[in-house]
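Read the numbers this way: they start at 1 and go in the same order the structure lists the ligands and their atoms. Please read these numbers as outputs of a predicted model, since none were measured by experiment. FYI, side chains are in, hydrogens and waters are out, and symmetry mates aren't considered; it's all heavy atoms of this structure. Start at 1 with the first residue, then count along the sequence.
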Amino acid sequence: MQYVSTRAAASAASSSSQQFSDILLGGLAVDGGLFLPSAYPQVTGAELDAWRQLSYADLAFEILRKFATDIPEADLRALTAKTYTKEVYKNARKGEKASQITPLRVLEEGDNGTKLVLQALSNGPTLAFKDMAMQLLGNLFEYTLAKQDAQLNIFGATSGDTGSAAEYAMRGKKGIRVFMLSPHKKMSAFQTAQMFSLQDPNIFNIAIEGVFDDAQDMVKAVSNDLPFKAKQKIGTVNSINWARVVAQVVYYFRGYLSATTSNDQKVSFTVPSGNFGNICAGHIARMMGLPIDKLVAATNENDVLDEFFRTGVYRVRKSAETYHTSSPSMDISKASNFERFIYDLVGRDGDRTRALFQKVESHGGFDLSGKPGSDGDEFKLVAKYGFKSGKSTHEDRLNTIRDVADDYGIVIDTHTADGIKVARENLEPGVTMIVLETALAAKFNETILDALGEDAERPEGFENIEDLPQKFVVMPPDVEKMKAYIAANTGL
Ligand SMILES: *Cc1c(COP(=O)(O)O)cnc(C)c1O
C-alpha cells in the first residue's frame, strides 16, 4: 500500500509515495498536504460476512493489514490483540459488555421502521473516543521505535481530550516522552486531574500562563525551528495523523456488522464533529465498500462543517469568532482533516486541492457551490458520498440530555447530545441510525448538573481523582524557556 499527499502535483504523485511506517511518525507531507492511500483497499461481501463474528481485536487486524502492508502480519496481530482488550476499555455502562470494546445500545425503534442506536466509543482510560486510536498509536510507536532503536518526543498542546488520550497511551512506553502544554487553570477540574495525576517519568505536563491559542502558538514556534525539532526528535500525535484515522475506520465496520445480519441492510452514522477526523474515517470505510447509507456530521454552534454540507461554502472562522461552548471538543474553527475529503471530492486532483487550501490561507475559505464566481461546482457530488449535516446549540444540548435520561434511562455527554439531536432529524424508515458516543458524561459534569440537577455517574476508579497528587510545571508563554525545558529533560 502506497500513500500520496493530497497536494501532490500530478507529475510527482508516484515518485513521492511512501509506506505506512514512513508516515506513522510524521505529520504533514513535505508539500503541506495530508497523506492518503493511493487507492482505497476494497472489501468483499464474503469478507464482511466472515468478519461479522470476529472479536474487535481480530477485526482491527483484518482492516489494518490492508493499510499497514509493511508491518509483518504476526506483529500487527499481536499489536491489535494487546490494544483492544476489555481491561483497557473497561468503563462500559451497566448492561454493556466491555469485551465488545464498542458495544451498541438500541435507544429507540419507531413504529415507522426507524431505529436509533448508540455505539459506545468512550470506554477507554480517558473516557473519550480518542482512546480508540491513541491506544493503538502508543503500541505502534513503541514497536516501531524499538525496531529502529530510536526515540520520539511527542510535543503538543491540548484543551482537554487529545492531550489526556495521548498521555494515557504513551505512559511508561520505552523510547517515548510526552511534553503536553495546556492553558493554566482553563481545563475542567476532571480533565486537569486526569492529566496531572500521572506520575510516570516520561510524561511532562506544562501549564502555560495564557489561553489555548498561546499554548498552540508555542507548539508552532518550536516546531518551526527545524534544527531543534530534528535534534530533539520531536513528533506530534495531532488529529491529522494517518494511523489515528485508520484505527477509527475499524469501529465503523464493527458498528455496521453488529447492527446487521446481512450486507443488504442499511446503516447510517451520525458523528459529533470538530476536526473531521472521526467522520473522515467513516468516509474511508464507505469508500472501502462498507455499505454505509448516510454519514451525518453534527456540529455545535461552531458550524463550519454544517455550513459546507448545506451550501458548498467552506468558510473557516477566526479564533475570535469561535464560540466557547458546552461541547468544547468540537469548538473548532478550521477542520484539519477536511482536506482528505475534499481531495476525493475533486476527483483526487492534488493541484486543485492545493489551490483550494491555499485559498483557505489567503481568503479564509472556498466555494464549491457552482454559483457565479465560485471556485467549482463539486458540491453537487457531495450527496454521492453520503454526507449530510446538522447543528445543535447549548439549549438543544440541555434538552437532549434530559430527553435521553427520561426516555432511555442513560446519561450522555454534551458532544453525544449534539449527535443525538442531529440524528433524530435524519432518521429514515428501514435505516438503522448509529450515533457515535464520543465521550462519557463524567468528563463534562458541569453541563450535566445544569441539565439534570445531579452529577453524572463516574466510572469506578475515577471517584476521587481530583484529590490525587499532581505533577506539572507552570511556565510563561516563552519559546526559549520552553526549548530549554525540553532539552534539559531529553538530555539530547
Ligand atoms: C475530539 C472530539 C470530537 C471531535 O472529533 P473530530 O475527530 O475532531 O471531528 C467530538 N467529541 C469529543 C468528545 C471529542 O473529544
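- Listed by first and then second residue, the salt bridge (charged side-chain N to carboxylate O under 4.0 Å, His left out) pairs involving residues 386-399 are E301-R397, D303-K391, D396-K421, R397-D418 (not counting sequence neighbours).
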Show me the donor-acceptor pairs, under 3.5 Å and distance only, between side chains in residues 211-223 and residues at least two apart or in other chains.
from: D214; atom 1: OD2; to: V211; atom 2: N; distance (Å): 2.8
from: S223; atom 1: OG; to: V219; atom 2: O; distance (Å): 2.8

Derivation and outcome, ring-ring contact (aromatic ring centres under 6.0 Å, His included), residues F269 and Y252: CA-CA 8 Å; F269 287 87; Y252 286 88; 4.8 Å; yes

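- Side chain of R354 to backbone of R7: a donor-acceptor contact under 3.5 angstrom is found.
- Screening residues 123-135 for side chain to side chain donor-acceptor pair (under 3.5 Å) gives T126-D131 as the qualifying pairs, with residues at least two apart or on separate chains.
- Taking a heavy-atom cut-off of under 4.0 Å, ligand 1 is surrounded by F129, K130, D161, P272, S273, G274, N275, F276, G277, N278, S329, M330, H415, T438, A439.
- Of the charged side-chain nitrogens involved, at least one lies within less than 4.0 Å of a carboxylate oxygen, so that K334 and E361 count as a salt-bridged pair.
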